[in-house]
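See structure below.
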Protein chains: 2
Amino acid sequence: MTKAKHSRFDCSPGCAVEATVSLIGGKWKSIILWHLHADGTLRFSELRRRIPNVTQRTMTNQLRELEQDGLVHRKVYPQVPPKVEYSLTELGRGLVPILEALKHWGDANLDRFGKPSSTADQTTE
Amino acid sequence: MTKAKHSRFDCSPGCAVEATVSLIGGKWKSIILWHLHADGTLRFSELRRRIPNVTQRTMTNQLRELEQDGLVHRKVYPQVPPKVEYSLTELGRGLVPILEALKHWGDANLDRFGKPSSTADQTTE
DNA sequence: GCACATAGTATCAATAAGGATACCACGTGA
DNA sequence: TCACGTGGTATCCTTATTGATACTATGTGC
């Protein structure tokens, strides 16, 4: 892990849970991992098209951290203009059950949050 | 959700994943949820004993957010000294497969991180 | 009478994370 | 020749999150 939020593993029962969450808890990391899972190998520009709201700087940062944690593979083609491909590593593919569970729960329950179940939300953009 | 990290649900495929992560992504939230799952109903002081490094203020904050998100139930007994019990709601219990998957992955892979088991780590700072 | 436990609240500070903006070298297409 | 795309880097700023510390009212036990 690039840097655990609180850098200590006391190996209490919650430890594994919390450490794993910290790997995927970066603001955009779970979405990046999701897209690499759903669409396979993607280039930087393809990721940016799929996740338009993240800045270039942040996308680069989070991809680098995911790479450093061994979850994502970065392949650079020696050409100009540059071509870089990102894909899940075997370790990263191990996170797929988690991503699927997260999506399953979210799909089933997200309408309880922020979605226009609230009339106030219905009037917003 | 008390406040989504980036407050928009565009309902792209990653949306459900990322929104769910943001519910459990508070620094101590996943550990709190884990202990409420593992040990059932717990009092505030019991949680603090299980998670000694969190400050009282932060524990209160995160529990309040989990309650506001409907994941945790807070029961106050009208007595002195005060007695408050926290437990997972039905919605919160729906997160258990996620917590189990997180723990499973962490147990299988955490030795790659933060612990000096990696030779690469041994040579680095 | 005092220390302790309970479950907090209040306030300010510190740290971390992410955003905004400008810039880069080169090939390609118009 | 210029605009654009590629995949970034650099720097500073803003925001969010968490931590540190002090304090609270009451009952209980010593």
Side-chain angles (χ1 to χ4, degrees), chain A residues 1-8 14 18-19 21-32 35-36 41-69 72-87, chain B residues 1-8 14 18-19 21-32 35-36 41-69 72-87:
Chain A
M1 162 183 331
T2 48
K3 194 195 339 174
K5 297 290 185 62
H6 38 113
S7 55
R8 49 169 279 287
E18 161 271 322
V21 167
S22 73
L23 285 175
I24 65 176
K27 186 169 175 180
W28 303 98
K29 286 180 179 176
S30 59
I31 304 189
I32 291 170
H35 283 297
L36 291 178
T41 299
L42 292 171
R43 296 179 63 172
F44 186 91
S45 53
E46 289 171 327
L47 272 167
R48 285 208 77 202
R49 280 194 278 278
R50 283 166 172 72
I51 316 175
N53 297 302
V54 61
T55 65
Q56 183 151 30
R57 196 198 88 93
T58 299
M59 176 72 86
T60 302
N61 277 356
Q62 309 235 317
L63 280 166
R64 289 308 176 94
E65 285 179 19
L66 289 168
E67 183 191 3
Q68 281 166 3
D69 289 333
V72 160
H73 177 66
R74 175 170 180 263
K75 179 175 183 181
V76 183
Y77 291 77
Q79 66 183 61
V80 177
K83 171 178 174 179
V84 178
E85 284 181 347
Y86 292 93
S87 56
Chain B
M1 174 179 318
T2 46
K3 192 193 339 173
K5 295 291 184 60
H6 40 111
S7 56
R8 47 171 282 285
E18 161 271 322
V21 167
S22 73
L23 285 174
I24 66 176
K27 186 168 174 179
W28 304 98
K29 285 180 179 175
S30 60
I31 305 188
I32 291 169
H35 283 296
L36 291 178
T41 300
L42 292 172
R43 296 178 64 172
F44 186 90
S45 52
E46 289 171 329
L47 273 168
R48 286 207 78 205
R49 280 193 281 277
R50 283 164 171 77
I51 315 174
N53 297 302
V54 61
T55 65
Q56 187 152 26
R57 198 201 86 93
T58 300
M59 178 71 87
T60 302
N61 277 356
Q62 309 235 317
L63 281 166
R64 289 308 175 92
E65 285 177 20
L66 289 168
E67 184 191 3
Q68 281 165 5
D69 289 334
V72 160
H73 176 66
R74 176 170 180 265
K75 180 175 181 180
V76 184
Y77 291 77
Q79 66 183 62
V80 176
K83 171 178 175 179
V84 178
E85 283 181 348
Y86 292 94
S87 57

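Here is how names work: the chains are called A, B, and so on, in the same order as the sequence lines, proteins then strands, and each is numbered from 1.
Look at CD on B:E46: it is 12 Å from C1' on C:dT6, rounded to the nearest Å. What separates CG of B:N53 from P of C:dT15 is a distance of 17 Å, to the nearest Å. As a whole-Å value, the separation of A:E65 CD from C:dA17 P is 7 Å. Between the P atom of D:dT9 and the CZ atom of A:R48 lies a distance of 13 Å, rounded to the nearest Å. Atom C1' of nucleotide D:dT17 and atom CG of B:L23 are separated by 16 Å, given to the nearest angstrom. Computed from coordinates, the A:Y77 OH to D:dG8 C1' distance equals 18 Å when rounded to whole Å. Rounded to a whole Å, the NZ atom of A:K83 is 16 Å from the C1' atom of C:dT28. Rounding to whole angstrom units, CG of residue B:L63 and P of D:dT18 are separated by 13 Å.
Contact annotation: A:R49 side-chain N/O to D:dG7 OP1/OP2 distance is not under 4.0 Å. Taking 4.0 angstrom as the limit, B:T58 places a side-chain polar atom (N or O) nearer than this to OP1 or OP2 of D:dG19. Within the structure, a side-chain polar atom (N or O) of B:S45 is placed less than 4.0 Å from OP1 or OP2 of C:dT6. A sub-4.0 Å separation between OP1 or OP2 of C:dG18 and a side-chain N or O of A:R57 is absent. A close approach under 4.0 Å does occur between a side-chain nitrogen or oxygen of A:K27 and OP1 or OP2 of C:dG19. Look at A:Q56 and you won't find any side-chain N or O under 4.0 angstrom from OP1 or OP2 of D:dG7. Dashed line: the shortest gap from a side-chain N or O of A:R64 to OP1 or OP2 of D:dT9 is under 4.0 Å.
You'll find the side chain of A:L47 reaches within 4.5 Å of the side chain of A:L63, heavy atoms only. Between A:W28 and B:E18, the closest side-chain pair of non-hydrogen atoms is not below 4.5 Å.
Looking at A:R49, A:R48, A:R50 one by one, the single match for side-chain contact (heavy atoms from CB on, under 4.5 Å) with A:L42 turns out to be A:R50.
Under a 3.5 Å cut-off, the side chain of B:E67 and the backbone N or O of B:R74 do not form any donor-acceptor pair.
Looking at which nucleotide of DNA chain D each of A:N61 and A:P82 is closest to, the 5′-most match is held by A:P82.
A:Y86 comes within 4.0 angstrom of the backbone, heavy atoms only, and of no base. Counting any heavy atom pair closer than 4.0 Å across all strands shown, A:Q62 reaches sugar-phosphate atoms only and no base atom.
Among the nucleotides D:dG5, D:dT9, D:dT26, the one closest to the side chain of A:P81 is D:dG5. Comparing atom distances between the A:R43 side chain and each of D:dT9, D:dT6, C:dG27 picks out D:dT6 as nearest.
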Report the C-alpha distance between B:Q62 and B:V54 in whole Å, list the side-chain angles of each, state the deciding distance to 0.1 Å, and finish with yes or no for side chain to side chain contact (heavy atoms under 4.5 Å, CB included). CA-CA 10 Å; B:Q62 309 235 317; B:V54 61; 5.9 Å; no
